[in-house]
Amino acid sequence: MTLRLHDTATRDVRDFVPLEAGKAGIYVCGLTVQSEPHVGHVRSAVNFDVLRRWLTVSGYDVRFIRNVTDIDDKILAKGEAQGRPWFEIAYRMGRELDKALDAINVLPPTYEPAATGHIPEILELIAQLVARGHAYPAEDGSGDVYFDVRSWPAYGELTRQKVDDMEPEETVADPLVMARKRDPRDFALWKGWKKALEPETAAWPSPYGPGRPGWHIECSAMAAKYLGPAFDIHGGGVDLRFPHHENELAQSRAAGQQFAAYWLHNAWITTAGEKMSKSLGNSLLIPNVLERVRGIELRYYMVSAHYRSHVEFSFEALDEAAKSFRRIESFLDRVPPVVEEVAQRPSRNRLPGAFIAAMDDDLGTPAAIAVIHDTVREGNRILGAGESADAVAASVRAMLDVLGLDPADPAWGSSEAAADGKLSAAVDALVAGLLEERERARADKDWARADAIRDRIAGAGIAVEDTPDGPKWTLAASVEEGS
RNA sequence: GGUGGGUUGGCCGAGAGGCGAGGCAACGGACUGCAAAUCCGUGUACACGGGUUCAAAUCCCGUACCCACCUCCA
């Protein structure tokens with residue numbers, strides 16, 4: 001069986017056939033770095049990180065490009081509002097995003113190109129489109145350059161929309177802008193510098209006068225630069241299908257490129273039935289969510305739904321997911337730590353067949369997780385029978401690793417782990433004394449006293465379990481109340 | 001108006017013609033001094049109304065409600 005993926009362009013699930021055997025080129029639209037990352041923002045990153053890992057495990061040499069849009073109207077407006085340079089805003093938010101993605105073990109892309117670093121490539125592409133008659137500079141001296149939608153009959157092919165069916169634009173359009181366009185649906189490739197409103201740092205020289213790139217063109221230019229005129233997979237959130245991806249496709253094809261062979265789109269994560277707009281407040285920002293659950297638990301929550309399924313975010317569901325994950329972890333804790341060298345990414349053939357089948361079926365992570373739970377149960381059963389479950393644990397870890405969820409992966413914050421280590425050594429020394437006392441009481445069958453000691457330890461947030469090897473303590477996995 | 005998607009048991013969340021994914025919660029049982037953890041067991045859920053079929057949560061027709069995109073958006 002081979003990997004099958006859902007392609008938005010054809011609207012079906014079909015075999016993934018790479019353009020070049022053994023290689024996979026992926027371009028994912030990253031974020032416009034204009035505000036702090038929230039739960040919604042990182043879902044896309046997690047979903048495509050899973051795709052990337054699965055392709056890698058399946059033997060592909062993956063080139064994974066995720067761009068960052070570091071200039072747009074909102075970034076400029078924000079800089080203006082804060083009295084700071086726009087590039088400072090973009091850079092700072094970019095770093096926030098990196099931190100958030102690190103916290104949930106999203107691997108860095110092969111390369112992360114930024115729009116402002118590719119002005120020459122963008123201008124070259126625009127020049128090609130103008131030369132081919134698919135783009136034109138506005139004639140009103142604004143310096144804008146537009147893509148000529150009517151010159152490209154295939155326009156709308158990705159989302160199967162006809163230009164004439166699209167929403168009447170009169171409602172939104174600025175008449176001044178409308179006047180520059182041959183068709184209201186034409187979109188900007190290059191935006192002329194508005195001297196009165198925009199800083200000089202936001203303008204680059206061009207044959208059409210100073211200005212900056214439009215939103216869509218950057219992705220076409222950067223995808224071509226790093227992946228070539230034809231590449232395998234283009235990804236992003238569903239909202240990007242139109243207009244962004246539709247426009248990218250039109251630009252690149254009109255310039256004579258084949259562009260992406262597969263289009264993948266992840267669904268939204270919403271709250272209270274609404275999408276997470278920036279106005280919803282801070283509770284869903286990544287650092288805040290990570291005060292409630294660990295990064296690995298947040299990631300588990302995201303991976304436990306299929307990437308094309310809409311998720312209604314709730315802290316209750318997040319807590320449930322965290323508990324579910326701890327079940328897996330506690331099994332892993334029951335077996336001796338694997339001593340093997342830094343676990344190199346497992347190969348497909350080391351994974352259970354049901355897991356492979358689930359992942360190959362359009363990245364069926366929910367079913368894949370079900371296989372993990374089944375395996376965990378089997379492992380617990382074996383341990384209960386007093387036998388070694390090392391092999392089972394290794395299998396569980398291999399599966400978790402594919403999903404970026406191996407608790408032993410050093411990517412899960414080594415500095416924190418070191419601090420935790422010291423702390424737990426200190427706590428262990430203190431708790432050990434109490435536990436000895438309790439063991440004496442138990443030996444005397446003084447249950448009241450034994451339980452009193454256990455209650456006291458529990459009061460400090462530490463749970464005690466009696467195992468065949470004696471008492472063990474763990475931090476009680478209680479979940480904080482409220483949000 | 002155009003385009004696409006959704007409605008599954010107390011909750012989350014898969015599946016997409018026949019065998020009850022998985023998790024959380026709950027209830028029984030085993031184990032335990034009692035617990036915890038673990039294991040075993042317990043649910044006749046698929047928005048509504050028709051239809052096709054030996055067989056429908058899954059296919060078809062209709063209805064209701066919800067959502068997304070067509071404007072910046074993961």
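Proteins get letters first, then strands, A, B, ... in listed order; numbering begins at 1 in each.
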Pairwise C1' distance for rU58(B) and rA68(B), with rounding to whole Å: 24 Å
Which of these nucleotides, rG33(B), rG13(B), rC70(B), is closest to any side-chain atom of Phe242(A)? rC70(B)
C1' spacing across the pair rU3(B) / rG23(B), given as an integer number of angstrom: 35 Å
Does rU63(B) have a Watson-Crick or wobble mate here (both distances under 3.5 Å), and if so which one? rA47(B)
Nearest nucleotide by nearest heavy atom, which residue falls closer to the 5' end of RNA chain B, Leu31(A) or Phe325(A)? Phe325(A)
From the set rG23(B), rG33(B), rA68(B), return the single nucleotide nearest to any side-chain atom of Glu320(A). rG23(B)
How would you label the contact of Asp466(A) with the nucleic acid (heavy atoms, under 4.0 Å): base, sugar-phosphate, or nothing? base
Whole-Å distance between rA35(B) C1' and Ile462(A) CD1? 17 Å
Counting any heavy atom closer than 4.0 Å, what does His265(A) reach on the DNA or RNA strands: base, sugar-phosphate only, or nothing? nothing
With a 4.0 Å limit, can you tell me whether Arg308(A) has a side-chain N or O closer than that to the phosphate oxygens OP1/OP2 of rG6(B)? no
rA68(B) -> Watson-Crick or G-U wobble partner, both distances under 3.5 Å, gives rU3(B)
Within the structure shown, what part of the strands sits under 4.0 Å from Arg160(A) by heavy-atom distance: base, sugar-phosphate, or nothing? sugar-phosphate
Within the 4.0 Å heavy-atom criterion, would you say Gly40(A) contacts the bases, only the backbone, or no part of the nucleic acid? base
Using modelled atom types only, decide if a donor and an acceptor are shared between the side chain of Asp72(A) and the backbone of Ile75(A) within a distance under 3.5 Å. yes
Among Asn105(A), Leu403(A), Val293(A), find the one that has a side chain to side chain contact (heavy atoms under 4.5 Å, CB included) with Arg299(A). Asn105(A)
Hey, is Asp451(A) close enough to Arg438(A) for a salt bridge, meaning N to O under 4.0 Å? no
For a quick check of understanding: with a heavy-atom distance under 4.0 Å over all strands, which category does Thr32(A) fall into, base, sugar-phosphate or nothing? sugar-phosphate
So which of Thr32(A), Leu31(A), Val33(A) actually passes side chain to side chain contact (heavy atoms under 4.5 Å, CB included) with Met93(A)? Val33(A)
Can you tell me how far P of rU32(B) sits from CH2 of Trp447(A), to the nearest Å? 12 Å
Can you measure Leu383(A) atom CG to rC39(B) atom P for me and round it to whole angstrom units? 10 Å
Using a distance-only criterion (donor-acceptor N/O pair, under 3.5 Å, no hydrogens), is the base of rG2(B) paired with the side chain of Asp164(A)? no
Any side-chain N or O of Ser309(A) under 4.0 Å from OP1/OP2 of rA14(B)? yes
Tell me whether the OP1 or OP2 atom of rC39(B) has a side-chain N or O from Asn380(A) closer than 4.0 Å. yes
Of all the choices, rA14(B), rC12(B), rG4(B), which nucleotide is nearest to the side chain of Ala317(A) once you look at every atom? rC12(B)
Watson-Crick or G-U wobble partner of rC27(B), both distances under 3.5 Å: rG41(B)
Is it the case that rA37(B) (base atoms only) and Arg334(A) (side chain only) share a donor and an acceptor within less than 3.5 Å, ignoring hydrogens and angles? no
Take atom CD1 of Ile372(A) and atom C1' of rA21(B), then tell me their distance rounded to the nearest Å. 13 Å
Euclidean distance for P, rG28(B) against rA35(B) (whole angstrom): 12 Å
Check whether the side chain of Lys74(A) and the base of rC72(B) form a donor-acceptor pair under 3.5 Å. yes
Given the P atoms of rG17(B) and rG6(B), what is the spacing between them in whole Å? 14 Å
Which whole number of Å gives the distance between the C1' atom of rA16(B) and that of rU7(B)? 15 Å
Side-chain atoms of Arg377(A) come closest, of rG33(B), rA74(B), rC39(B), to rC39(B)
Nearest of rG13(B), rA74(B), rA25(B) to any side-chain atom of Lys323(A)? rA25(B)
Taking the P atom of each, how far is rG62(B) from rG4(B), in whole Å? 15 Å
Where the side chain of Arg381(A) is defined as all heavy atoms beyond and including C-beta, which of rC40(B), rA14(B), rA37(B) is the nearest nucleotide? rC40(B)
Grab the OH-P distance between Tyr155(A) and rU3(B) for me, whole Å please. 16 Å
From the list Leu405(A), Val303(A), Val46(A), side chain to side chain contact (heavy atoms under 4.5 Å, CB included) partner of Ile104(A) resolves to Val46(A)
At 4.0 Å (heavy atoms only), tell me whether Arg449(A) reaches a base, stays on the sugar-phosphate, or touches nothing. nothing
Rounded to whole angstrom, note down the C1' distance from rA14(B) over to rA37(B). 27 Å
Reading RNA chain B from 5' onward, which residue's closest nucleotide shows up sooner: Leu240(A) or Glu465(A)? Glu465(A)
How many Å lie between CD on Glu246(A) and C1' on rU71(B), as a whole number? 16 Å
When you get a sec, tell me which of rC72(B), rA37(B), rG22(B) is the closest nucleotide to the side chain of Asp374(A)? rG22(B)
Which whole-number value in Å describes the distance from His306(A) NE2 to rA14(B) C1'? 10 Å
Phosphate OP1/OP2 of rG22(B) contacted by His373(A) side-chain N/O (<4.0 Å): no
Considering non-hydrogen atoms only, spot the tightest contact between Pro108(A) and Arg52(A) and give its length. O-NH1, 2.9 Å
Whole-Å gap separating P (rC72(B)) and CG (Asp239(A)): 11 Å
Show the nearest heavy-atom pair for residues Phe331(A) and Ala393(A), with the distance to one decimal. CE2-CA, 3.8 Å
Pairing partner of rU58(B), by Watson-Crick or G-U wobble and under 3.5 Å for both distances, is none
For a quick check of understanding: with a heavy-atom distance under 4.0 Å over all strands, which category does Gly156(A) fall into, base, sugar-phosphate or nothing? nothing
Does the side chain of Arg327(A) get closer than 4.0 angstrom to OP1 or OP2 of rU38(B) through an N or O atom? yes
Would you measure the distance from the P atom in rC48(B) across to the matching atom in rU32(B) and give it in whole Å? 47 Å
His310(A) ring center near Trp268(A) ring center (under 6.0 Å): no
Please work out if Val28(A) contacts a base, only the sugar-phosphate, or nothing of the nucleic acid, heavy-atom cut-off 4.0 Å. nothing
With a 3.5 Å distance limit and no angle check, can you tell me whether Lys78(A) reaches the backbone of Ile89(A) through a side-chain donor-acceptor pair? no
Any donor-acceptor pair under 3.5 Å between the side chain of Arg454(A) and the base of rC34(B)? yes
